[in-house]
Peer 1: 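Submitted below is the structure of interest, expressed as structure tokens.
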Amino acid sequence: QLRLVESGGGLVQPGGSLRLSCAASGGSLDVYAIGWFRQAPGLEREGVSAIKSTNDRTKYADSVKGRFTISIDSAKNTVYLQMNNLKPEDTGIYSCGASPRPSWAAFERYEDAYWGQGTQVTVSS
């Protein structure tokens, strides 16, 4: 089975940057649609960014466009989320998901997705 482990979260001041990593084992991320989602306390999970390596298709939530970049390193079987100019509203638990579906263009609630445990991102002064 596919296992996903996120890392790279932490406490950062507004305007700062973080790079999240999602390392996969038990399968190749190249065959999956991959998404970064985040969840704040009391709120539902929301899609942040998604990518499909086979066609280089990427998607970003409007709130992060121009600030976040998703990428895949196939050799390391790892997906990254570079987050720049962070804002307090970016605070939340960021999770990496992988689905065998063709894409994750609409951040759909795919029931066949694998998920990591999440990594906490806190943007605060």
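If you're wondering where the values come from, they're calculated on a predicted model, not measured in any experiment. These numbers come from the heavy atoms of this one structure, side chains and all, not from hydrogens, waters or symmetry mates.
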Peer 1: Going from OG on Ser99 to CZ on Arg109, what distance comes out if it is rounded to the nearest 0.5 angstrom?
Peer 2: 14.5 Å
Peer 1: Checking side chain to side chain contact (heavy atoms under 4.5 Å, CB included) for the pair Cys22/Tyr80: CA distance, chi angles, key distance, verdict?
Peer 2: CA-CA 6 Å; Cys22 176; Tyr80 303 95; over 6 Å; no
Peer 1: Indicate yes or no: at least one non-hydrogen side-chain atom of Ser124 is less than 4.5 angstrom from one of Pro88.
Peer 2: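 No - every pair of side-chain heavy atoms lies 4.5 Å or more apart.
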Peer 1: Please check if the side chain of Lys59 supplies one atom and the backbone of Ala105 the other of a donor-acceptor pair under 3.5 Å.
Peer 2: yes
Peer 1: Mind jotting down which residue pairs meet the salt bridge (Lys or Arg N to Asp or Glu O under 4.0 Å) criterion with at least one end in residues 99-108? Sequence neighbours excluded, please.
Peer 2: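 Every salt bridge (Lys or Arg N to Asp or Glu O under 4.0 Å) pair that includes a residue of residues 99-108, provided the two are not neighbours, is Arg101-Asp112.
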Peer 1: With the side chain counted from C-beta on, respond yes when Val121 and Leu20 share a heavy-atom pair under 4.5 Å apart, and no when they do not.
Peer 2: yes
Peer 1: Would you say that Ser49 contacts Tyr60 through its side chain, given a criterion of any heavy-atom pair below 4.5 Å between the two side chains?
Peer 2: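 Yes, close enough: below the 4.5 Å cut-off.
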Peer 1: So, applying side chain to side chain contact (heavy atoms under 4.5 Å, CB included) with Arg38, which one of Val64, Leu43, Thr91 is it?
Peer 2: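 The option that passes is Val64.
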Peer 1: If you link ILVMFWY side chains whenever their heavy atoms are less than 4.5 Å apart, which other residues fall into the same cluster as Trp104? By chain and number, please.
Peer 2: Phe37, Phe107, Tyr110, Trp115
Peer 1: Side chains of Ser7 and Thr119: does their closest heavy-atom pair fall under 4.5 Å?
Peer 2: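 The answer is no; the side chains never approach within 4.5 Å.
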Peer 1: Give a yes or no on whether a salt bridge exists between Asp62 and Lys65, defined as a side-chain N under 4.0 angstrom from a carboxylate O.
Peer 2: yes
Peer 1: Taking ring-ring contact (aromatic ring centres under 6.0 Å, His included) as the definition, give me every residue that meets it alongside Tyr94, ordered by chain and number, with sequence neighbours left out.
Peer 2: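 Counting only residues at least two positions away or on another chain, Tyr94 forms no ring-ring contact (aromatic ring centres under 6.0 Å, His included).
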Peer 1: When you look at Ile70 and Val79, which way does the side chain to side chain contact (heavy atoms under 4.5 Å, CB included) test go after all the steps?
Peer 2: CA-CA 7 Å; Ile70 190 171; Val79 62; 3.9 Å; yes
Peer 1: State plainly whether one hydrophobic cluster holds both Ile51 and Val31, where clusters connect Ile, Leu, Val, Met, Phe, Trp and Tyr through side-chain heavy atoms under 4.5 angstrom apart.
Peer 2: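 Same cluster.
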Peer 1: Can you list every side-chain hydrogen bond (donor to acceptor under 3.5 Å, both in side chains) pair that touches residues 11-28, not counting sequence neighbours?
Peer 2: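 Those involving residues 11-28 are Ser17-Asn84.
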Peer 1: Can you tell me how far CH2 of Trp36 sits from CZ of Phe68, rounded to the nearest 0.5 angstrom?
Peer 2: 11.0 Å
Peer 1: For residues Ala23 and Thr78, report the shortest heavy-atom separation together with the two atoms involved.
Peer 2: CA-OG1, 3.8 Å
Peer 1: Excluding sequence neighbours, so at least two apart, what forms side chain to side chain contact (heavy atoms under 4.5 Å, CB included) with Val12?
Peer 2: Leu18, Leu86, Val123
Peer 1: Side chain to side chain contact (heavy atoms under 4.5 Å, CB included) between Asp90 and Arg67: does it pass, once the steps are laid out?
Peer 2: CA-CA 11 Å; Asp90 294 319; Arg67 300 188 297 121; 2.8 Å; yes
Peer 1: Return the set of residues passing side chain to side chain donor-acceptor pair (under 3.5 Å) with Glu89 (not counting sequence neighbours), or none when no residue passes.
Peer 2: none
Peer 1: Can you tell me how far OG of Ser71 sits from CD1 of Ile34, rounded to the nearest 0.5 angstrom?
Peer 2: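 So the CD1 of Ile34 and the OG of Ser71 are separated by 10.0 Å.
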Peer 1: What's the shortest heavy-atom distance between Glu6 and Ser95, and which atoms?
Peer 2: OE2-CA, 3.2 Å
Peer 1: When rounded to the nearest 0.5 angstrom, what distance separates NZ in Lys76 from CG in Leu29?
Peer 2: 13.5 Å
